[in-house]
Amino acid sequence: MASTTQNSALRGLHEALQAIVDELARAGDAAGTPRVELERPRDEAHGDFATNAALMLAPVVRRNPREVAQEIAERAGALPGVTSVDVAGPGFINLTMGDDWFLETVEAALDAGDRFGADVVANAAPILLEFVSANPTGPLVAASARHAAYGDALARILRHAGHDVTTEFYVNDAGRQVDLFGASILARATGSDVPEDGYQGDYVTELAAELGVAAGDDPVELGQRGVAAMIAGMRTSLEQLGIRFDTFFSEKSLHESGAVDRGIEHVAAAGYTDDEDGAVILRTTTWGDDRDRAIRRANGVPTYFAADIAYLEDKFSRVGAGGHLIYVLGADHHGYIARLKGASQALGHEVDTPEIVIMQMVTLSESGEQKKMSKRRGDFVTAAELVDRIGADATRFWMLERSHDQQLEIDLDAASAQGDENPVYYVQMMHARLCSIRRNVEAAGLADGDASAANEPLHASEKRVIKRLSELPIVVADAAERRVPHRVHHYARELATDVSKFYRDCRVMGDGIDPAITARRLRTADAARSVLALALSLVGVSAPEAMERREVEGGEADA
RNA sequence: GCGCCCGUAGCUCAGCUGGAUAGAGCACCAGGCUUCGAACCUGGGGGUCGGAGGUUCGAAUCCUUCCGGGCGUACCA
């Protein structure tokens, strides 16, 4: 059982409110019980937290919302940490918390350390998470960096939330495209024309030189060697981003092991296929696909989709009963959803698995102009170039700035800037500043003061930081359940902003500051530092203890 | 044609499992450094949440429809 320490005082409050509502729902003979929300009111005058519990419950028990609110409020007022409750508007319940509650929250965050908000999911099923899976016929492109940043952050968040996660990269090292790649390499090496639909980029020429290609080489074998080289390069690019996959899964291995043939037999034996002029067709329209799909051609060769079926079956066997599959696919793959889910059911699995997340496109712009990207023409920005230009932390931070179902445009001018335009440095700076405060307090020998002797109320800015800290477990749970790592990115920025205000209003040490206040504020600063570092780590961004001092621009200010 | 995603401030976008006066960053204007890091902070201007209907006590959020943009629609991989 997860301890309340890890789950924070806020989660405890949330659960207590839910319990009150559950009870009133039962008492009111309601069919179900609504899920109540606990949120931060926009206006701080409304209290520290607010809940829509009464507004949710009222319709279920067919009573007046304000009346229900009054009833909930009476009970909520008795909850630990709550100092006052009031009912406002149509039936909002506003809660104000006492200083003790805030101080406990700080201690809870410090006790939990990097396990704060961990193990928050109820059903921690094992998850096999596949992402990137870029075609190995070229280098990793900048767009793939979005998939990489998203998938890796999601894996980190899911693990923190309690899931056992395996990350996987599916390598399309089989089929016609690999042969075509080999033929393109050979053509580049020998100076002949690249085949139609072949790969044109300069990287192919470079690769040919690297591989020491000679005129008589076998294009098929060259294709395999080329793929191996591209995968090695992708691994390097991913590692520059701090991303390491648990497994690279070879499509070719499915063909070689006979798994593809077995998959075809499996769905055929289940009675879901038709023979069409010698080809084997899977009736995916049974499950909502807009057309049936060939899995074996008339010439006997299995299609790409047949390998997908075998891969799906292999994944199911590895993740085990109760396990869960997540595919992260590009927007240009949305047509796969129906057929993949169809294949899953043809194999006898449940409807809602595998889960497919569609990532929208990302584009890069510079000087107000969008950069074109075409892999065939070889005209693209690689992930490695992007990282060289703006750095790994900025790449990951920017790639996670937006929801995955939103198209994203990254302005390279802003992303490579060292100043205000670049929020990643703002967040890191706040972390460095908190580290600096601790260093200063330690140097002054004030780090071990008695915080409990502090006898003035907490400043609003200090309370605001602590409220934000208390929300991390909820943010993690939400980001994990809804597969939205950008929530954690935004959380980190909000926390950084709160830290900045705390820094402004609550000097930790200095002349005239009571040592007890110094001790208490240092606890808050330490907790904020710990949670900020944790949030950054969940999105794969580093939390430096110090940053290079930035020189004053120009210098003519004094002139 | 059909299918999926999107349309919120000048720009890039949060908010979308319905709730209080629609937010952030950037850009713009005006201020602020003798003390823990100014990569910062304070204030200001800027919105028919693409349009129109509907459901609801309440809609940026749900439904219908139209308009606009992206992507897809292979016995390619």
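For the numbers below, each heavy atom of this structure counts, side chains included, while hydrogens, waters and symmetry mates do not. Numbers restart at 1 for each chain; the letters A, B, ... are given by sequence-line order, proteins then strands.
In terms of phosphate contacts, A:R482 brings a side-chain nitrogen or oxygen within less than 4.0 Å of OP1 or OP2 of B:C16. Residue A:Y425 has no polar side-chain atom (N or O) positioned under 4.0 Å from OP1 or OP2 of B:C40. In this structure, A:S500 does not reach the B:C40 phosphate: none of its side-chain N or O atoms is under 4.0 Å from OP1 or OP2. Between A:N422 and B:C26 there is no side-chain polar atom (N or O) within less than 4.0 angstrom of OP1 or OP2. Contact annotation: A:K501 side-chain N/O to B:U42 OP1/OP2 distance is under 4.0 Å. Dashed line: the shortest gap from a side-chain N or O of A:T303 to OP1 or OP2 of B:C75 is not under 4.0 Å. Remark: A:R291 is not in phosphate contact with B:G72, judged by side-chain N or O atoms under 4.0 Å from OP1 or OP2.
One finds no salt bridge joining A:R464 and A:D498 here, because no Lys/Arg side-chain nitrogen approaches an Asp/Glu carboxylate oxygen to under 4.0 Å. A salt bridge links A:E442 with A:R438; the closest basic N to acidic carboxylate O contact falls under 4.0 Å. A salt bridge is defined here as a Lys NZ or Arg NE, NH1 or NH2 lying under 4.0 Å from an Asp or Glu carboxylate O, and A:D261 with A:R296 meets this definition. Salt-bridge formation is detected for the pair A:E366/A:R389: a Lys NZ or Arg NE/NH1/NH2 atom is positioned less than 4.0 Å from an Asp or Glu carboxylate oxygen.
Remark: ring of A:H490 does not overlap the six-membered base ring of B:A24 in a stacked fashion, as centroids less than 5.5 Å apart with planes less than 30° apart are not both met. Using a 5.5 Å limit on the distance between ring centres and a 30° limit on the angle between planes, the aromatic ring of A:Y426 does not count as stacked on the six-membered base ring of B:C40.
Across all strands, A:S365 comes closer than 4.0 Å to no nucleic acid atom at all (heavy-atom distances). Counting non-hydrogen atoms under 4.0 angstrom, A:D511 reaches nothing in the nucleic acid. Among the heavy atoms of the strands lying under 4.0 Å from A:E276 is at least one base atom, whether or not backbone atoms are also near. Heavy atoms of A:R507 sit under 4.0 angstrom from at least one base atom. Residue A:R296 is out of contact with every strand shown, counting any heavy-atom pair closer than 4.0 Å. Counting any heavy atom pair closer than 4.0 Å across all strands shown, A:A525 reaches no nucleic acid atom. A:C435 comes within contact range of no nucleotide atom at all, as no heavy-atom separation falls under 4.0 Å. Looking at heavy-atom distances under 4.0 Å, A:H46 makes contact with a base. Among the atoms of the strands shown, base atoms are found under 4.0 Å from some heavy atom of A:A50. The residue A:A307 sits apart from the nucleic acid: no heavy atom pair falls under 4.0 Å.
A donor and an acceptor atom sit less than 3.5 Å apart, one in the side chain of A:N94 and one in the base of B:A20.
For residues 277-291 of chain A, the pairs satisfying salt bridge (charged side-chain N to carboxylate O under 4.0 Å, His left out) are A:D274-A:R283, A:D289-A:R293, A:D290-A:R293, with sequence neighbours left out.
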- Go ahead and write out RNA chain B as dot-bracket, 5' to 3': ( ) for pairs within the strand, [ ] for ones crossing earlier pairs, | when the partner sits on another strand, dots for unpaired; Watson-Crick or G-U wobble, both distances under 3.5 Å. (((((((..((((.....[...)))).(((((.......))))).....(((((..]....))))))))))))....
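Annotation: A:F249 is in aromatic contact with A:Y311 [ring centroid separation under 6.0 Å]. Ring to ring, A:H404 and A:Y150 are close: their centroids are under 6.0 angstrom apart.
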- Note on the structure: Nucleotide by nucleotide, nucleotides 1-10 of chain B touches protein heavy atoms under 4.0 Å in the pattern (B base, S sugar-phosphate only, - none) --BBSS----
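Per the geometry, CD belonging to A:E401 stands 11 Å off P belonging to B:C26, to the nearest Å. With rounding to whole Å, A:L434 atom CG is found 15 Å from B:A39 atom P. Regarding A:E421, its CD atom lies at a distance of 19 Å from the P atom of B:A24, rounded to whole Å. As rounded to whole Å, 9 Å separates atom C1' of B:G18 from atom CD of A:E37.
For the pair A:R433 and A:Y503, the cation-pi criterion (under 6.0 Å, within 45° of the ring axis) is fulfilled.
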